[in-house]
*Asks:* 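Take a look at this one; I'll ask things after.
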Amino acid sequence: MKRCAMIILLFPLVSVAQSDLNDLLYKGNEAYRAGAFPEAEKAYREALKQSPASVAARFNLGNALYRGKKSSEAIPYFDAIVQGNVSDEVRASAYYNKGVLLSQMRKIDESIVAYKQALRLNPADSLARENLQRAMNEKKQQQRSTQPESKKQPSTLNKQQVMQLLNAMQEQEKLLRQRLNQSATPSVNRPEKDW
């Protein structure tokens, strides 16, 4: 008889805790929709305190931090989601959001990795595919802009430099002709062949 009473007493406590978590998530969602990102962040943090395993609270907190211009603080929440025991769909969404954050922070190589992970988990995600393409294009653009100047455009020489180069080439040509003339004349020590 005592066992039945304990089970009945514990059930309402679990239900109340779940209800509080849902209330905090609802409050956070309402603040998020209204654009009040600090209030949403506060509600989601409270929800995580109540239920540290809540994927919804963690995911929404990451989004609220991103919208509240705290991108570097948001990344660990998405990392925790992808390392957790969640569905591939949720994991893909977390990778996608992480990729967006990294792109915004100009960490292009890392964002490319995140978008690729999102596409591995959800190949039909057209937004991840588009953002991956943008990130790859941006990386190519960065590589082009960091090439040495000599490869980008021919150097311009002033008149004096052109004249110096021309004189040096004429001097080399003169030396080369002298060598050719010396080798064409028979030497005294070598007799000419008689055919």
Side-chain angles (χ1 to χ4, degrees), residues 17-156:
Q18 186 65 36
S19 175
D20 288 345
L21 175 65
N22 288 339
D23 288 344
L24 287 170
L25 289 174
Y26 179 79
K27 182 180 174 184
N29 291 345
E30 288 298 312
Y32 185 92
R33 283 187 202 102
F37 302 116
E39 289 82 17
E41 177 186 341
K42 183 178 176 183
Y44 295 137
R45 285 188 191 277
E46 283 297 316
L48 270 177
K49 282 181 187 176
Q50 265 194 356
S51 178
S54 173
V55 174
R58 186 170 284 119
F59 200 95
N60 292 351
L61 177 56
N63 286 339
L65 288 168
Y66 164 67
R67 294 292 188 169
K69 309 258 189 268
K70 297 178 182 178
S71 297
S72 60
E73 290 180 44
I75 290 176
Y77 291 99
F78 294 119
D79 283 339
I81 291 168
V82 299
Q83 294 170 2
N85 187 18
V86 296
S87 70
D88 284 348
E89 184 181 342
V90 171
R91 190 174 281 118
S93 295
Y95 272 122
Y96 173 80
N97 285 3
K98 182 179 176 183
V100 170
L101 290 169
L102 292 167
S103 290
Q104 181 188 38
M105 296 167 66
R106 302 316 240 178
K107 295 182 178 182
I108 302 303
D109 290 333
E110 293 175 52
S111 71
I112 289 172
V113 171
Y115 290 133
K116 284 182 179 179
Q117 288 288 51
L119 285 170
R120 282 186 189 107
L121 295 167
N122 183 4
D125 188 346
S126 61
L127 290 176
R129 186 172 289 105
E130 290 170 13
N131 284 352
L132 173 62
Q133 188 62 47
R134 281 189 200 113
M136 292 173 78
N137 289 341
E138 189 170 337
K139 183 177 179 178
K140 285 180 188 177
Q141 186 66 29
Q142 285 177 351
Q143 289 172 341
R144 281 189 217 126
S145 66
T146 58
Q147 287 179 345
E149 289 296 319
S150 62
K151 290 183 178 180
K152 287 170 77 173
Q153 59 185 6
S155 62
T156 57

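Just so you know, these numbers use all the heavy atoms, side chains as well, and skip hydrogens, waters and symmetry mates. Quick caveat: nothing in here was measured; it's all calculated off a predicted structure.
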*Asks:* Does Arg67 have more than 12 heavy atoms from other residues, nucleotides or ligands lying within 6.0 Å of its CZ?
*Replies:*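 Not more than 12 within 6.0 Å, no.
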*Asks:* Assess whether a salt bridge exists between Lys27 and Glu39, defined as any Lys/Arg side-chain N lying under 4.0 Å from an Asp/Glu carboxylate O.
*Replies:*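 Glu39 and Lys27: not salt-bridged.
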*Asks:* Calculate, to the nearest 0.5 Å, the distance between atoms OG and CG belonging to Ser93 and Leu121 respectively.
*Replies:*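 Reported value, rounded in 0.5 Å steps: 9.5 Å.
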*Asks:* Taking the side chain as everything from C-beta on, heavy atoms only, tell me whether Lys140 gets closer than 4.5 Å to Met136.
*Replies:*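 No. Closest side-chain heavy atoms not under 4.5 Å.
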*Asks:* Excluding sequence neighbours, so at least two apart, what forms side-chain hydrogen bond (donor to acceptor under 3.5 Å, both in side chains) with Tyr115?
*Replies:*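 With neighbours one apart ignored, the set is Ser103.
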*Asks:* Which residues pass the side-chain hydrogen bond (donor to acceptor under 3.5 Å, both in side chains) test with Gln142, sequence neighbours left out?
*Replies:*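 With sequence neighbours excluded, Gln142 shows a side-chain hydrogen bond (donor to acceptor under 3.5 Å, both in side chains) to no residue whatsoever.
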*Asks:* Tell me the closest heavy-atom pair linking Ala47 and Ala57, and the distance in Å.
*Replies:*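 Smallest interatomic distance, heavy atoms only, reads CB-CB, 3.9 Å.
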*Asks:* Evaluate Tyr32 against Asn60 for side chain to side chain contact (heavy atoms under 4.5 Å, CB included), listing each step before the verdict.
*Replies:* CA-CA 9 Å; Tyr32 185 92; Asn60 292 351; over 6 Å; no
*Asks:* Do the charged groups of Glu46 and Lys49 touch, with an N to O distance under 4.0 Å?
*Replies:*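 Salt bridge between Glu46 and Lys49, a charged N being under 4.0 Å from a carboxylate O: yes.
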*Asks:* Give, for atom OG of Ser72 and atom NZ of Lys107, the distance between the pair rounded to the nearest 0.5 Å.
*Replies:*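 The NZ atom of Lys107 is 8.0 Å from OG of Ser72, to the nearest 0.5 Å.
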*Asks:* Going by salt bridge (Lys or Arg N to Asp or Glu O under 4.0 Å), name the residues that satisfy it together with Arg45, two or more places apart in sequence or in a different chain.
*Replies:*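 Applying salt bridge (Lys or Arg N to Asp or Glu O under 4.0 Å) to Arg45 gives Glu41, Glu73.
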*Asks:* So Tyr96 and Leu132, do their side chains get closer than 4.5 Å, heavy atoms only?
*Replies:*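 Leu132 does not reach Tyr96 side chain to side chain.
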*Asks:* Kindly give the heavy-atom pair with the smallest separation between Ile112 and Lys139, and that separation in Å.
*Replies:*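 The answer is CD1-CD, 4.0 Å.
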*Asks:* Evaluate Glu130 against Arg134 for side chain to side chain contact (heavy atoms under 4.5 Å, CB included), listing each step before the verdict.
*Replies:* CA-CA 6 Å; Glu130 290 170 13; Arg134 281 189 200 113; 4.1 Å; yes
*Asks:* Identify the heavy atoms of Ala135 and Ile108 that sit nearest to each other, and give their distance.
*Replies:*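 The pair with the smallest heavy-atom distance is O-CG2, 3.3 Å.
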*Asks:* Of all heavy-atom pairs between Ala40 and Ala64, which one has the smallest distance, and what is that distance?
*Replies:*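 Minimum heavy-atom contact is CB-CB, 4.3 Å.
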*Asks:* Atom CZ in Phe37, atom CG in Leu65: separation rounded to 0.5 Å?
*Replies:*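 The distance works out to 11.0 Å.
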*Asks:* What residue pairs, at least two apart or across chains, pass salt bridge (charged side-chain N to carboxylate O under 4.0 Å, His left out) with a residue in residues 74-99?
*Replies:*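 Listed once each, the pairs are Asp79-Lys98, Asp88-Arg91.
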*Asks:* Evaluate Gln117 against Val82 for side chain to side chain contact (heavy atoms under 4.5 Å, CB included), listing each step before the verdict.
*Replies:* CA-CA 10 Å; Gln117 288 288 51; Val82 299; over 6 Å; no
*Asks:* With rounding to the nearest 0.5 Å, note down the distance linking OG in Ser71 to CE in Met105.
*Replies:*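 Answer for the OG-CE pair, Ser71 versus Met105, is 6.5 Å.
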*Asks:* Quick one: pull up OH in Tyr44 and CG in Leu24 and give me the separation to the nearest 0.5 Å.
*Replies:*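 Reported to 0.5 Å precision, the distance equals 10.5 Å.
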*Asks:* Does the pair Asn137 and Gln141 meet the rule for a side chain to side chain contact (heavy atoms under 4.5 Å, CB included), with working shown?
*Replies:* CA-CA 6 Å; Asn137 289 341; Gln141 186 66 29; over 6 Å; no
*Asks:* Could you list all the ring-ring contact (aromatic ring centres under 6.0 Å, His included) pairs where at least one residue sits in residues 73-94, not counting sequence neighbours?
*Replies:*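 Sorted pair list: Phe59-Phe78.
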*Asks:* Among all residues two or more places apart in sequence or in another chain, which pass the side-chain hydrogen bond (donor to acceptor under 3.5 Å, both in side chains) test with Tyr66?
*Replies:*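 Result, side-chain hydrogen bond (donor to acceptor under 3.5 Å, both in side chains) vs Tyr66: none returned.
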*Asks:* Please check if the side chain of Arg129 supplies one atom and the backbone of Ala124 the other of a donor-acceptor pair under 3.5 Å.
*Replies:*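 No: the side chain of Arg129 does not pair with the backbone of Ala124.
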*Asks:* Which one of Leu102, Leu101, Val100, Asn131 satisfies the side chain to side chain contact (heavy atoms under 4.5 Å, CB included) criterion with Ser111?
*Replies:*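 Of the listed options, the one satisfying the test is Leu102.
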*Asks:* Minimum heavy-atom separation for Ala128 to Ala118, with atom names?
*Replies:*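 Heavy-atom minimum between the residues: CB-CB, 4.3 Å.
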*Asks:* Go through Tyr95 and Asn122 one step at a time and tell me if the side chain to side chain donor-acceptor pair (under 3.5 Å) criterion holds.
*Replies:* CA-CA 10 Å; Tyr95 272 122; Asn122 183 4; over 6 Å; no
*Asks:* Which atom pair, heavy atoms only, marks the closest approach of Leu48 to Ser54?
*Replies:*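 That would be CD2-O, 3.8 Å.
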